[in-house]
Amino acid sequence: MDSLSDEAIYLATDICAWEDAFRSGRYVKPKAHPDTLTTEHIRTMIQRVEEFFEEFGWPIRDAFFARTENGFVSGDGDYLLKHTLLDLKVSVKTTMQISWVRQLLLYYTLGFYNHFNKEDIERLMIFNARTNTVFFIDIANIDQSVFEFVYDAAEKQSKINERELRKYIN
C-alpha cells in the first residue's frame, strides 16, 4: 500500500467530503490536507479494507436504501456482501458500540426484513478498519421479535417526525 501516493490520499479525503455532502445535503470543503500521521492511518485503513474484502468477499452492492413506509426515517447502508449486510467504521473504539448495533438493526429491519430490498441477508457485520476488528451475528441467532420491535419503533418515530416536519412545511 506504500504505492498509494499522498496526492491520492488527499483526493480521497476530498471525495469523502462530497460523499458526506450527498448523504447530508451539505458540502463542507476540507480546510487542509491531512497531516502525515493521518495520511499513514488512511493508507493503513485502505489496506485493511482491501484485505477484509479479500477474506470476506467483495461487495455486490453499496449504498443500499432503507426507510420507513412514509420515508421520514431513512438511511443508506454501506455495503452488501453476498449474504451479509456490512457497515464500515473507522473508529478508535475497540469494542462494539450500541449506536453501531442500533444502526445495523435499523438498516436490516427497514431495508430487508420488510422486503424493501430483495437480497437474502444471513449476517449483520461491522468492520472497523481503524482497529482492524470484525463484529458479526447471524440473523438466525436474533429473535424475530427484535426486528418486529425495531420496525414498530421506527414506524412510530417516522410518523412523529412527519407530524413535526409538516408543522414547518404547511
Can you tell if the side chain of [X] reaches within under 4.5 Å of the side chain of [Y], non-hydrogen atoms only?
X: W100; Y: S91; value: yes
X: L110; Y: F65; value: no
X: I121; Y: L80; value: yes
X: K82; Y: T84; value: no
X: Q103; Y: V101; value: no

Distance check, rounded to the nearest 0.5 Å: [X] atom [atom1] versus [Y] atom [atom2]?
X: M96; Y: K89; atom1: CE; atom2: NZ; value: 9.5 Å
X: R48; Y: H41; atom1: CZ; atom2: NE2; value: 9.0 Å
X: F112; Y: L85; atom1: CZ; atom2: CG; value: 5.0 Å
X: D14; Y: I9; atom1: CG; atom2: CD1; value: 11.5 Å
X: I137; Y: E122; atom1: CD1; atom2: CD; value: 14.0 Å
X: K93; Y: S99; atom1: NZ; atom2: OG; value: 9.0 Å

Only counting residues at least two apart or in another chain, list the ones meeting side chain to side chain donor-acceptor pair (under 3.5 Å) with [X].
X: T94; result: none
X: T13; result: none
X: D152; result: none
X: E162; result: N70, R166

Measure across [X] and [Y] and return the closest heavy-atom pair with its distance rounded to 0.1 Å.
X: T39; Y: P34; answer: OG1-O, 3.5 Å
X: A154; Y: T68; answer: O-CG2, 3.5 Å
X: A129; Y: V90; answer: CB-CG1, 4.3 Å
X: T131; Y: T133; answer: OG1-OG1, 2.8 Å

key: Where at least one partner belongs to residues 124-139, residue pairs that pass salt bridge (Lys or Arg N to Asp or Glu O under 4.0 Å), sequence neighbours excluded   =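 Passing the test, one end in residues 124-139: R123-D138.
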ask   = Does anything in residues 61-71 pair up under salt bridge (Lys or Arg N to Asp or Glu O under 4.0 Å), and if so which pairs, sequence neighbours excluded?
value = R61-E119
key: Chi angles and distances behind the salt bridge (charged side-chain N to carboxylate O under 4.0 Å, His left out) call for E40, R43   = CA-CA 5 Å; E40 284 305 312; R43 192 173 279 115; 2.5 Å; yes
Say whether [X] and [Y] are linked into one hydrophobic cluster, either directly or through other cluster members, by side-chain heavy-atom distances under 4.5 angstrom.
X: I46; Y: I126; result: no
X: F72; Y: Y107; result: no
X: I142; Y: V150; result: yes

In the hydrophobic clustering (ILVMFWY, side-chain contacts below 4.5 Å, transitive), which residues join [X], or is it alone?
X: I15; result: L11
X: V49; result: F52, F53, F56, W58, Y79, L81, L86, L88, M125, F127, V134, F136
X: Y27; result: W18

Salt bridge (charged side-chain N to carboxylate O under 4.0 Å, His left out) against E164, all qualifying residues, sequence neighbours excluded =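 With neighbours one apart ignored, the set is K167.
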task = Begin from the C-alpha positions of L105 and R102 and carry the test side chain to side chain contact (heavy atoms under 4.5 Å, CB included) through to its verdict.
result = CA-CA 5 Å; L105 284 173; R102 194 172 28 241; 5.9 Å; no
Qualifying residues under ring-ring contact (aromatic ring centres under 6.0 Å, His included), relative to H83, sequence neighbours excluded =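 ring-ring contact (aromatic ring centres under 6.0 Å, His included) list for H83, sorted by chain: empty.
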task = Compute whether any side-chain donor of one residue and acceptor of the other, for Q144 and E148, lie under 3.5 angstrom apart.
result =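 Checked: Q144/E148 side chains show no N/O donor-acceptor pair below 3.5 Å.
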query = Between S158 and N161, is any side-chain donor less than 3.5 angstrom from a side-chain acceptor?
reply = no
key: ring-ring contact (aromatic ring centres under 6.0 Å, His included) contacts in which one or both residues fall within residues 140-163, not counting sequence neighbours   = Y108-F147, Y113-F147
